[in-house]
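What follows is a single structure, written as C-alpha cells, with notes after it.
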Amino acid sequence: MATQTARLGQTTAPSRSTSRRWRRLREVSLGYLLLAPALVLLIVFELFPVLYGFFISTCNWRLNCGENLERFIGFDNYVRAFTDPEMWTSLWTTAVYSLMSVPIQLGLGLLIAYLLFQDIRGKDVFRVMFFFPYITSTVASAAVWAYLYSPDRGLINAVARSLNLPILKWLGESKGIFELMAQGLGGTLPNALDGPPLALVALIIYTTWVFLGYDIAIFLAGLGNIPGELYDAAKVDGAAGWRLFRHITLPLLSPTTFFLLLLTVIGTFKAFNHIYVMTRGGPAGATETSSLYIFSQMFEYQRYGYSAALSFILFTVILIITIIQNRAAGSRVVYD
C-alpha cells in the first residue's frame with residue numbers, strides 16, 4: 001500500500017509543477033499583453049524620435065540623410081559645437097538665467113505660501129490671484145509684458161516718469177544692471193562687474209510672475225501635509241516663530257522644495273516661448289539662451305543636423321545638473 005501511494009505521489013507532483021508553470025506563463029503573458037499598447041506608444045512617440053534625432057545629429061542634414069549617406073559626418077557636429085563660441089555664450093546666458101530665476105521663484109513662493117497658509121482673511125482669493133498667471137497663455141502674457149516694458153508707451157516707464165525715476169529701455173537694454181546703476185551715480189565699473197543685462201533681468205521678472213503661482217500651490221500642498229501635532233508639541237516646549245519654521249516647517253517641507261527645485265531648474269534651461277516672444281534673443285544676443293540658439297540654427301540657418309547635436313548637448317547638460325542636484329540635495333531631504 002505504501003509503495004502504491006509513493007508511486008501516485010511521484011506521478012501527481014510533476015503534473016502540479018507543470019500546472020503552476022502554465023499558470024505563471026499565462027499571468028506573465030497577460031501582463032505583457034496589457035502593457036503592449038503603452039509600450040508601442042512609448043517606442044513610437046518617445047524612443048524612436050530620440051534615436052532618429054541622434055541620427056540626424058550625425059549628418060550634415062538638409063532634406064534627408066538616409067538616401068545620401070555621404071552626408072553622414074559622424075560626430076563632426078558635436079566637435080563643431082564645442083568649438084563654437086556662440087554655443088558657449090548661449091549656454092552661459094542660460095545658466096545665468098537659471099541661477100537668478102530659481103532662487104527668486106522658490107524663495108518668494110515659499111514665503112508667500114507660508115503667509116497664505118496662515119489664518120488670514122481673503123487667503124482663498126489671493127491663492128486664485130497668484131495662480132492666474134500660470135494658467136494664462138504664455139504667448140499672450142509675454143506679448144502684454146513686452147508692451148508694458150515698452151520704453152515709450154509702456155506702463156512701467158510711465159510710472160517711472162511720473163515719479164521722476166530714470167527711463168529704461170528694459171527689453172532693449174544689453175548693458176548690465178550694475179553698470180547702469182554706476183552710470184546713474186556718475187561712475188563706471190570694470191566690465192567684469194557689469195552684472196546680467198537689464199533685458200535678461202526683465203525676462204526673469206516676467207518668469208517669476210508667471211510661475212510663482214505654481215510654486216505657491218505646490219508649497220501649500222506640502223504645508224498641508226505637515227502634522228499639526230508637531231507644532232503643538234513644539235509650542236509646549238516653548239518654541240515659536242522662526243524656530244518653528246526653521247526646525248519643523250523647513251525640514252518637513254524639504255521633499256516639496258526638492259521636487260520644485262528639480263522642475264524649476266529643468267524648466268529654466270528649456271525656456272523658450274516667452275523669450276522668443278519678448279526679445280527673440282536680443283538685444284545683441286543678451287537674452288539668447290540655448291533653446292533660442294538651437295531654434296535659430298534650425299529655422300534661420302537650416303542647419304538641422306547641427307541643431308540636433310546642440311539639442312543633445314543641452315539634454316546632457318540638464319541630465320548632469322539633475323544628477324548633481326540629486327546627489328547633493330537628495331541626501332538632505334527628510335521623507336519621514
Side-chain angles (χ1 to χ4, degrees), residues 41-102 138-139 142 174 196-197 199-200 203-204 207 261-327:
L41 291 176
L42 185 67
I43 291 172
V44 173
F45 294 105
E46 294 289 340
L47 185 60
F48 176 74
V50 171
L51 295 177
Y52 199 65
F54 181 75
F55 171 67
I56 293 173
S57 73
T58 60
C59 298
N60 185 17
W61 183 278
R62 285 294 182 266
L63 293 178
N64 60 62
C65 181
E67 298 176 1
N68 192 5
L69 292 180
E70 63 268 18
R71 292 182 179 178
F72 179 79
I73 57 175
F75 291 98
D76 286 1
N77 280 328
Y78 292 90
V79 175
R80 174 184 176 181
F82 285 113
T83 57
D84 182 0
E86 292 187 31
M87 191 280 287
W88 290 108
T89 302
S90 66
L91 196 58
W92 171 250
T93 302
T94 306
V96 173
Y97 175 73
S98 179
L99 285 172
M100 294 183 67
S101 293
V102 174
T138 304
V139 174
S174 61
L200 191 64
L203 287 177
I204 292 170
T207 305
L261 177 66
L262 291 178
L263 284 188
T264 310
V265 170
I266 293 173
T268 51
F269 268 80
K270 297 194 311 181
F272 175 79
N273 292 353
H274 60 283
I275 301 176
Y276 184 77
V277 171
M278 297 174 78
T279 66
R280 300 201 175 195
T287 60
E288 188 175 52
T289 58
S290 295
S291 297
L292 264 74
Y293 186 60
I294 293 170
F295 180 83
S296 67
Q297 292 300 312
M298 183 171 181
F299 287 100
E300 294 180 14
Y301 300 103
Q302 308 296 313
R303 298 167 181 163
Y304 299 109
Y306 186 54
S307 176
L310 291 172
S311 300
F312 275 93
I313 291 174
L314 179 61
F315 164 76
T316 305
V317 170
I318 294 174
L319 181 63
I320 292 173
I321 291 175
T322 303
I323 293 173
I324 293 174
Q325 283 181 292
N326 198 40
R327 294 260 178 106

Within the distance-only criterion (no hydrogens, no angle test), does the side chain of [X] pair as donor or acceptor with the backbone N or O of [Y] below 3.5 angstrom?
X    : Y    : answer
T138 : N273 : no
S101 : S98  : no
S311 : S307 : yes
N77  : N60  : no
T268 : V265 : yes

Quick check for you: to the nearest 0.5 Å, what is the distance between [X] atom [atom1] and [Y] atom [atom2]?
X    : Y    : atom1 : atom2 : result
S290 : I313 : OG    : CD1   : 9.5 Å
T322 : I266 : OG1   : CD1   : 4.0 Å
L91  : D84  : CG    : CG    : 11.5 Å
Y301 : F295 : OH    : CZ    : 12.5 Å
K270 : I294 : NZ    : CD1   : 11.5 Å
D76  : S57  : CG    : OG    : 11.0 Å

Do the side chains of [Y] and [X] get nearer than 4.5 Å, heavy atoms only?
X    : Y    : result
I321 : V317 : yes
L42  : L47  : no
F82  : W88  : yes

Open item on the list: For Y293 and Y306, take the angle between the two ring planes, folded into 0 to 90°, and tell me which bin it lands in: parallel under 30, tilted 30 to 60, perpendicular over 60.
Closed with: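 Ring orientation, 0 to 90° scale: perpendicular.
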
Open item on the list: Please verify the inter-ring angle class for Y78 with F54; under 30° counts as parallel, over 60° as perpendicular, anything in between as tilted.
Closed with: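 Y78 and F54: tilted rings.
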
Least distance between heavy atoms, [X] atom then [Y] atom:
X    : Y    : value
A81  : M87  : O-CE, 3.2 Å
I56  : A308 : CG2-CB, 4.0 Å
L261 : Q325 : CG-NE2, 3.2 Å
H274 : A271 : CE1-CB, 3.8 Å

Throw together a table of side-chain donor-acceptor distances under 3.5 angstrom for residues 276-283, partners on residues two or more places apart or in other chains.
from, atom 1, to, atom 2, distance (Å)
T279, OG1, I275, O, 3.1
T279, OG1, G281, N, 3.2
T279, OG1, T287, OG1, 2.7

Task: side-chain contact (heavy atoms from CB on, under 4.5 Å) between T89 and E288, worked out - done: CA-CA 8 Å; T89 302; E288 188 175 52; over 6 Å; no

- [ ] Taking atom CZ of F272 as the centre, report whether more than 12 heavy atoms of other residues, nucleotides or ligands fall under 6.0 Å from it.
- [x]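 Yes, the 6.0 Å shell around CZ holds more than 12 heavy atoms from other groups.
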
